[in-house]
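As structure tokens, the structure follows; a few thoughts come after it.
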Protein chains: 2
Amino acid sequence: MITNNKQERVTSQKKIILDFLKSVKTHPSTEEVYLAVKKKLPRISLGTVYRNLKDLKEKGEIQEVFSGVSHYDGDMSPHAHFICEKCDKIFDIFEKIDVPKKTKVGKIKNYQVYYYGFCKKCKKTLS
Amino acid sequence: MITNNKQERVTSQKKIILDFLKSVKTHPSTEEVYLAVKKKLPRISLGTVYRNLKDLKEKGEIQEVFSGVSHYDGDMSPHAHFICEKCDKIFDIFEKIDVPKKTKVGKIKNYQVYYYGFCKKCKKTLS
DNA sequence: ATCGGTGCAAATCCTTTGCATTTCC
DNA sequence: GGAAATGCAAAGGATTTGCACCGAT
């Protein structure tokens, strides 16, 4: 049995970071989270943002989206991400995908689906 | 119409890197590719490996697997990757998944599916 | 009062890049 | 011969970390 004996504190930093991510529909990078949260907590440091994002991710409250640098998504409902190869924007795709619950390798705790291509706007402006 | 007027050369470095990736069933990191290729080309530099892997990926001959540092997979047939959250190993999952051809955002050129969980071996040894 | 979290800055690590030289066509 | 790729080393950039101090319980 796994027991976590280290007690964890709820700091205002952590709460504000999580609130921010739950409030937006975008997929901000660590830097963007930092800049946004700084408005409410001017003294927060970038290191603290990194630490808290890692923490929140490990607790399953947010998910990391890999696209060059780390981006974060406060929406944990099952959905895929479309990443535009031209403008690098990340779009949520809620069209249903069927993903197995388990595999030969082990039980799936969570999953991520990435689609790559050009978004409509960029497709138009391809030279 | 997009024309690529820059002519590209097939160097022994590029060929050996691609051959290596096509020959293994693992998902080596850049560093691991470097070390493997170094056995055949002792003077190859890490920078060249980075350049060629990026290149081969852009040409669609290999795919990048994101897991901390970049890993590469020479198998382009559709399959998912199971990443063990304990040992970080990457496993191929060929069980079929249905992925749309297009979305509201744009046409899907390629996709990636990641499953996370504990592999069987790690599940046993969880303290 | 305790000890986990923070702010700050330095360190680390992965990846990219500039440039002289080599290699392919 | 000329452009593209390489090797080397330095630069860049994202993320992590050590430590003294702060603040939540």
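When reading the values below, keep in mind they use all heavy atoms of this one structure, side chains included, and skip hydrogens, waters and symmetry mates. Numbered from 1 within each chain, the chains take letters A, B, ... in sequence-line order.
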For this session: Rounded to the nearest angstrom, tell me the gap between atom NZ in B:Lys54 and atom C1' in D:dT6.
Result: 16 Å
For this session: Using a strict 4.0 Å threshold on nitrogen-to-oxygen distance, state whether B:Lys14 and B:Glu8 make a salt bridge.
Result: yes
Exercise. Taking only side-chain nitrogens and oxygens of A:Thr48, does any of them come within less than 4.0 Å of OP1 or OP2 of C:dG7?
Worked result: yes
For this session: Tell whether B:Arg51 reaches the base of D:dA5 with its side chain through a donor-acceptor pair below 3.5 angstrom.
Result: no
Exercise. So, is A:Ser70 near the phosphate of D:dT15, with a side-chain N or O under 4.0 Å from OP1 or OP2?
Worked result: yes
Problem set entry | Rounded distance in Å - CD1 (A:Ile44) to P (C:dA9) | 16 Å
Problem set entry | Protein-nucleotide distance (B:Lys57, atom NZ; C:dT16, atom P), rounded to Å | 9 Å
Exercise. Relative to the 5' end of DNA chain C, which residue comes earlier, A:Arg9 or B:Val10, by the nucleotide with the nearest heavy atom?
Worked result: A:Arg9
Problem set entry | Ionic contact status for B:Glu85 with B:Lys123, cut-off 4.0 Å | no
For this session: Look at A:Asp92 together with A:Lys25 and state whether they make a salt bridge at an N to O cut-off of under 4.0 Å.
Result: no
For this session: Hey, which sits more toward the 5' end of DNA chain D by its nearest nucleotide, A:Thr30 or B:Arg43?
Result: B:Arg43
For this session: For the side chain of A:Gln7, starting at C-beta, report the closest nucleotide among D:dT25, C:dC14, D:dT15.
Result: D:dT25
Problem set entry | Nearest-Å distance for atom pair OH/P, residues B:Tyr34 and D:dT6 | 14 Å
For this session: Using whole Å, report how far OH of B:Tyr50 lies from P of D:dT6.
Result: 16 Å
Exercise. Rounded to the Å, how far apart are B:Glu8 CD and C:dT23 C1'?
Worked result: 15 Å
Exercise. Can you check the B:Asn52 CG to D:dA4 P distance for me, whole Å?
Worked result: 15 Å
Problem set entry | Minimum side-chain heavy-atom gap B:Phe118-A:Lys109 below 4.5 Å | yes
Exercise. B:Leu41 CG to C:dC24 P: how many Å, rounded?
Worked result: 11 Å
Exercise. Taking only side-chain nitrogens and oxygens of A:Thr11, does any of them come within less than 4.0 Å of OP1 or OP2 of C:dT6?
Worked result: yes
Exercise. How would you label the contact of B:Gln13 with the nucleic acid (heavy atoms, under 4.0 Å): base, sugar-phosphate, or nothing?
Worked result: sugar-phosphate
Problem set entry | Ring-ring centroid check A:Tyr114 B:Tyr114, cutoff 6.0 Å | yes
